Structures are given as C-alpha cells and as structure tokens.
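Small disclaimer: the values here were computed from a predicted structure and weren't measured.
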Amino acid sequence: QVQLVESGGGLVQAGDSLRLSCAASGRTFRRYAVGWFRQAPGKEREIVCAISWSAGNTYYADSAKGRFTISRDNAKNTVYLQMNGLKPEDTAVYYCAATTSSVYVRIEPYNYWGQGSQVTVSS
C-alpha cells in the first residue's frame, strides 16, 4: 500500500498562490494515479484534479481549469498542486488520494488518503 502526507496549506488572500505537496511512501507509488480533492464545511468532498501514474493524462474540474496545475515527481515520490489566482470559494481542506484503478476521475476508486491540509482564502 501507499501512505500519503499533505503539506503546504495556509491562510492567503484572494489572488494569491499556494503549492500543496503530497509526499508518498511505498516502492510502487509511481504505479498509482493520484488525485486532489477538497471538502468545504457543509459540502461533500469533490475532485479538484487528478494525474495518471505515468503523468501522461490529467483531469481538472471546471473550477480548477486555468488556475490549478497538478504534477508529479516520481523520483521524489511527490505530487504537487499549484494553485494560482485563489478565490474565497477555494477555501477547504485539501486531500490527496491514490488509486491503482484505471478510472481516476471519480472519487469512488480512491482507497488511500492523506489527512488533509487546510487552505483558507480571505476576500
């Protein structure tokens, strides 16, 4: 299995940028697709973006397109989420998750989760 730890969250103002990191352990990490999800108070957890194990394919939710970028460095066992132009509605706990499934654009296949990192964007 794989263990995931998120970092890089914090309190920022609207328009600022943040980069989240998801550090993974496990020899086979590079064979996992990884997604970033977020959950705001009172809302269901939703997918933000995801990247295939080979990094050849990515997916972005409409809310993330043009502002967020997912990338991975398999040599460092790390996946990143670069967030630019942050908005107050981006405020949430951000989670990274991993799956070996070929279906990686929905939440259901993800079975390994980090503990989350809080991102708060003030207006």
Side-chain angles (χ1 to χ4, degrees):
Q1 63 178 31
V2 60
Q3 292 78 44
L4 307 172
V5 179
E6 304 95 336
S7 63
L11 174 62
V12 298
Q13 295 183 348
D16 285 354
S17 298
L18 278 176
R19 188 179 74 164
L20 303 183
S21 298
C22 176
S25 63
R27 291 183 177 182
T28 60
F29 171 71
R30 64 182 180 180
R31 299 295 301 182
Y32 288 77
V34 176
W36 285 98
F37 300 80
R38 67 186 183 187
Q39 187 166 25
K43 294 186 177 181
E44 296 182 350
R45 191 170 300 183
E46 63 179 6
I47 191 168
V48 178
C49 56
I51 189 167
S52 65
W53 70 267
S54 66
N57 299 96
T58 57
Y59 166 82
Y60 294 91
D62 288 341
S63 61
K65 290 179 180 177
R67 299 189 299 127
F68 295 0
T69 302
I70 188 171
S71 62
R72 68 188 298 164
D73 186 341
N74 287 334
K76 296 182 177 180
N77 283 355
T78 303
V79 174
Y80 304 97
L81 177 61
Q82 178 67 45
M83 302 185 290
N84 298 326
L86 285 164
K87 304 175 181 179
E89 51 263 43
D90 295 319
T91 295
V93 177
Y94 284 72
Y95 300 87
C96 66
T99 180
T100 57
S101 174
S102 60
V103 179
Y104 63 95
V105 298
R106 298 194 300 272
I107 194 171
E108 291 85 359
Y110 288 87
N111 50 0
Y112 300 103
W113 292 83
Q115 292 301 117
S117 183
Q118 177 71 47
V119 173
T120 303
V121 184
S122 62
S123 60

Between the main-chain N or O of P109 and the side-chain N or O of T99, is there a donor-acceptor pair closer than 3.5 Å?
-> yes
Ignoring hydrogens and angles, tell me if any N or O in the side chain of S123 forms a donor-acceptor pair with the backbone of P88 under 3.5 Å.
->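 No, the answer is negative, given that no donor and acceptor are paired below the 3.5 Å cut-off.
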Candidate pair M83 and V119, rule side-chain contact (heavy atoms from CB on, under 4.5 Å), full reasoning | CA-CA 10 Å; M83 302 185 290; V119 173; 4.0 Å; yes
Verify same cluster id: [X], [Y] (apolar side-chain graph, 4.5 Å):
X    : Y    : value
F68  : I51  : yes
Y94  : V121 : yes
I107 : V105 : yes
L86  : L81  : yes
L18  : V79  : yes

Show the atom names and distances, to 0.1 Å, of all donor-acceptor pairs under 3.5 Å that link a side chain in residues 4-16 to residues at least two apart or in another chain.
from	atom 1	to	atom 2	distance (Å)
E6	OE1	Q115	N	2.9
E6	OE1	G116	N	2.8
E6	OE2	C96	N	2.9
E6	OE2	G116	N	3.3
D16	OD2	Q13	N	3.1

Heavy atoms, side chains only, cut-off 4.5 Å: are C49 and T58 in contact?
->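 Side chain of C49 against side chain of T58, heavy atoms only: no contact under 4.5 Å found.
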Are any non-hydrogen side-chain atoms of R38 and S63 less than 4.5 angstrom apart?
-> yes
Rounded to the nearest 0.5 Å, what separation is found between the [atom1] atom of [X] and the [atom2] atom of [Y]?
X   : Y   : atom1 : atom2 : result
I70 : Y60 : CD1   : OH    : 6.5 Å
T78 : L20 : OG1   : CG    : 12.5 Å
E44 : Q39 : CD    : CD    : 8.5 Å
W36 : E46 : CH2   : CD    : 14.5 Å
R31 : N74 : CZ    : CG    : 10.5 Å

Of all the heavy-atom pairs spanning [X] and [Y], show the shortest one and how long it is.
X   : Y    : answer
S25 : Q3   : OG-OE1, 2.6 Å
Y95 : G114 : CD2-O, 3.6 Å
N84 : S17  : OD1-OG, 2.9 Å

Using the ring pair (Phe, Tyr, Trp, His ring centres under 6.0 Å) rule, collect all pairs that involve residues 103-123, keeping only residues at least two apart or in two chains.
->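 Found Y32-Y112, F37-Y110, F37-W113.
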Does K87 come within less than 4.0 Å of D90, counting only side-chain N to carboxylate O?
->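 Looking at D90 together with K87, the answer is no, because their closest N to O distance does not fall below 4.0 Å.
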